[in-house]
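Just so we're on the same page: letters track the sequence lines, and every chain starts at 1.
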Amino acid sequence: MDARFFHRTARPTWLPTPRPPPRRRVSGGGMPTPEALAALVARVAGARDRAAFAALFDHFAPRVKSYMQRLGASGEQAEELAQEALLLVWHKAAQFDPARAGAATWVFTIARNLRIDALRRERPAEALDAAAIERVADEGPAADTLLATGEAERALRAALVTLSPDQAELLRLSFFEDSPHSAISAQLSLPLGTVKSRLRRILAQLRAAMEAGR
Amino acid sequence: MTPAHHPSDETLLLHASGGLDAAFRTVVAAHLPHCPLCRAAVRAAEQVGGRLLEALPAAGMAQDARDRALARLDAPPPAAPPAVPGNVMGYPAGRWRPLGPGIAMATLLPASSDRAGLHLLRVQPGARLAGHGHEGLELTCVLEGMFRDEGGEYRAGDLAENDDGHDHTPVAFGEVPCLCLIAVRGQLRFHHWLLRLLRPLFRL
């Protein structure tokens, strides 16, 4: 894995200090392929295979925990949210369609929706309507997939590695910091317009790579 | 027919990453069923999110984390949230308030200091929502009918995105009342003196 993904300059003081990333062989040994992950989900869905679930847990739970911590959850909260996310993987495995999304994409959307839900739970009790209205948005028609083949996923991995450290940092901040682009602009000392146009270009580049890989 | 007006790339990225306020998320979600282009953009961003998730360092977990997870598999699944109507149209009955001639509004999510408000607006053809500016981001999705303003003509499924300082004067036109879903952070500033007086009453 590219260690440059994890490099930070300024850190908000309320984030826990991360451990240094584990050293990995550049050849990527140990990281399951998209096909392998999809197969594990299929075994959970079809056969309620606990060994397959355990493998998915080992791969995703620590990363979902990491994701939640970056968004401000305490270690304890983040670990509980990771447990809840993998429990949802177990219960929703039959809904996973490998033709529509890679397993990592699917787990990311589960984690993202869980984080939104956790924030909603934390707010003082509101009218039932408010939560229900939000849920309409969150459970509405899922995004289409035009790009979800194994080749597209591999093309995406390859394209991500070619990003410069600055580009990678910007992309990570936009996904893993709970801050609007204006805050990113302040953190990186870049004009807001520059943040927006750079993100737009990076995403266009990544999409082009995925399309080419289709 | 694909909509002519769409959320910006930044808004779509925030939608995919989960960084949008509930109110903005709801308006984008109203546009997406009409728009394969934006759905594809959201999915591409979600795929990037998935890849970035996998590239995160593995956080240390409790020794027995996996065992605890396995033990929970047999428990009954988490309770499903209460069933919700298929769209926001099910909500505002009884909460419509007149805003002026030919204009009525219903608030679905009240704005506060840290969150955007979500409102339904119903405007009769020919009625103009008196020119208003606003602070910060405003997203409008047309649910029914049509309106036109300085940005062009907007029909069902179109999403108008307006940023800080953008004054505009939408006018409804066509055969049926124009029904819009609007999310706005900050205050709507109305140019019409009467609406400015009334604004605190409606907590806009």
*Within the side chain of A/Lys65, is there an N or O that forms a donor-acceptor pair under 3.5 Å with the backbone of B/Ala58?*
no
*Could you tell me which residues satisfy side-chain contact (heavy atoms from CB on, under 4.5 Å) with B/Pro177, sequence neighbours excluded, listed by chain and number?*
B/Arg122, B/Gln124
_Can you tell me how far apart CZ (A/Arg200) and CG (B/Leu13) are? Round to the nearest 0.5 Å._
11.0 Å
_Distance (rounded to the nearest 0.5 Å) between B/Leu52 CG and A/Leu156 CG_ = 8.0 Å
*Grab the two heavy atoms, one from B/Leu56 and one from A/Arg70, that are nearest each other, plus how far apart they are.*
CD2-NE, 3.5 Å
*Over all atoms of both residues, closest heavy-atom pair of A/Arg112 and B/Ala16*: NH1-O, 2.8 Å
*Mind listing the closest non-hydrogen atom pair of B/Ser17 and A/Phe108 along with its distance?*
CA-CZ, 4.3 Å
*Within the side chain of B/Arg51, is there an N or O that forms a donor-acceptor pair under 3.5 Å with the backbone of A/Leu160?*
no
_Contact class of A/Phe57 relative to chain B, heavy atoms under 4.5 angstrom_ = side chain
*Would you confirm whether A/Gln83, through its side chain, and B/Ala65, through its main-chain N or O, come within 3.5 Å as a donor-acceptor pair?*
yes
*Looking at A/Ala104 and B/Leu53, what are the two nearest heavy atoms and their distance?*
O-CD2, 4.4 Å
_For A/Tyr67, which atoms come within 4.5 Å of any heavy atom of chain B: side chain, backbone, both, or neither?_
both
_Contact class of B/Ala30 relative to chain A, heavy atoms under 4.5 angstrom_ = neither
*With the threshold set at 4.0 Å, does a side-chain nitrogen-carboxylate oxygen contact exist between A/Arg63 and B/Glu54?*
no
*Any Lys/Arg nitrogen of B/Asp74 or A/Arg50 sitting under 4.0 Å from an Asp/Glu carboxylate oxygen of the other?*
yes
_Verdict with supporting geometry, B/Glu10 and A/Val195, side-chain contact (heavy atoms from CB on, under 4.5 Å)_ = CA-CA 10 Å; B/Glu10 300 83 65; A/Val195 168; over 6 Å; no
_Apply salt bridge (Lys or Arg N to Asp or Glu O under 4.0 Å) to residues B/Arg72 and A/Glu80 and explain how you reach the verdict._
CA-CA 12 Å; B/Arg72 284 166 84 155; A/Glu80 174 56 24; 3.2 Å; yes
_Looking at A/Gly102, is its backbone amide N or carbonyl O close enough to the side chain of B/Gln47 to form a donor-acceptor pair, meaning the two atoms are under 3.5 Å apart?_
no
*So, does A/Ser66 use its side chain to make a donor-acceptor pair with the main chain of B/Pro57 at under 3.5 Å?*
yes
*Non-hydrogen atoms of chain B under 4.5 Å away: do they reach the side chain of A/Leu206, the backbone, both or neither?*
side chain
*Could you state the interatomic distance from NZ (A/Lys196) to CG (B/Asp9), rounded to the nearest 0.5 Å?*
11.0 Å
*Heavy-atom distance under 4.5 Å to chain B: side chain of A/Ile202, backbone, both or neither?*
neither
_Set of ring-ring contact (aromatic ring centres under 6.0 Å, His included) partners for B/Phe147, sequence neighbours left out_ = B/Tyr154
_To check you understand the geometry: which heavy-atom pair defines the closest contact between B/Arg66 and A/Asp58, and what is its length?_
NH2-OD2, 2.6 Å
*Quick one: closest heavy-atom pair of B/Ala44 and A/Arg207, and the distance?*
CB-CG, 3.5 Å
*Going by an N to O cut-off under 4.0 Å, is there a salt bridge joining B/Arg68 and A/Glu84?*
no
*Around atom CZ of B/Arg155, are there more than 12 heavy atoms of other residues, nucleotides or ligands at under 6.0 Å?*
yes
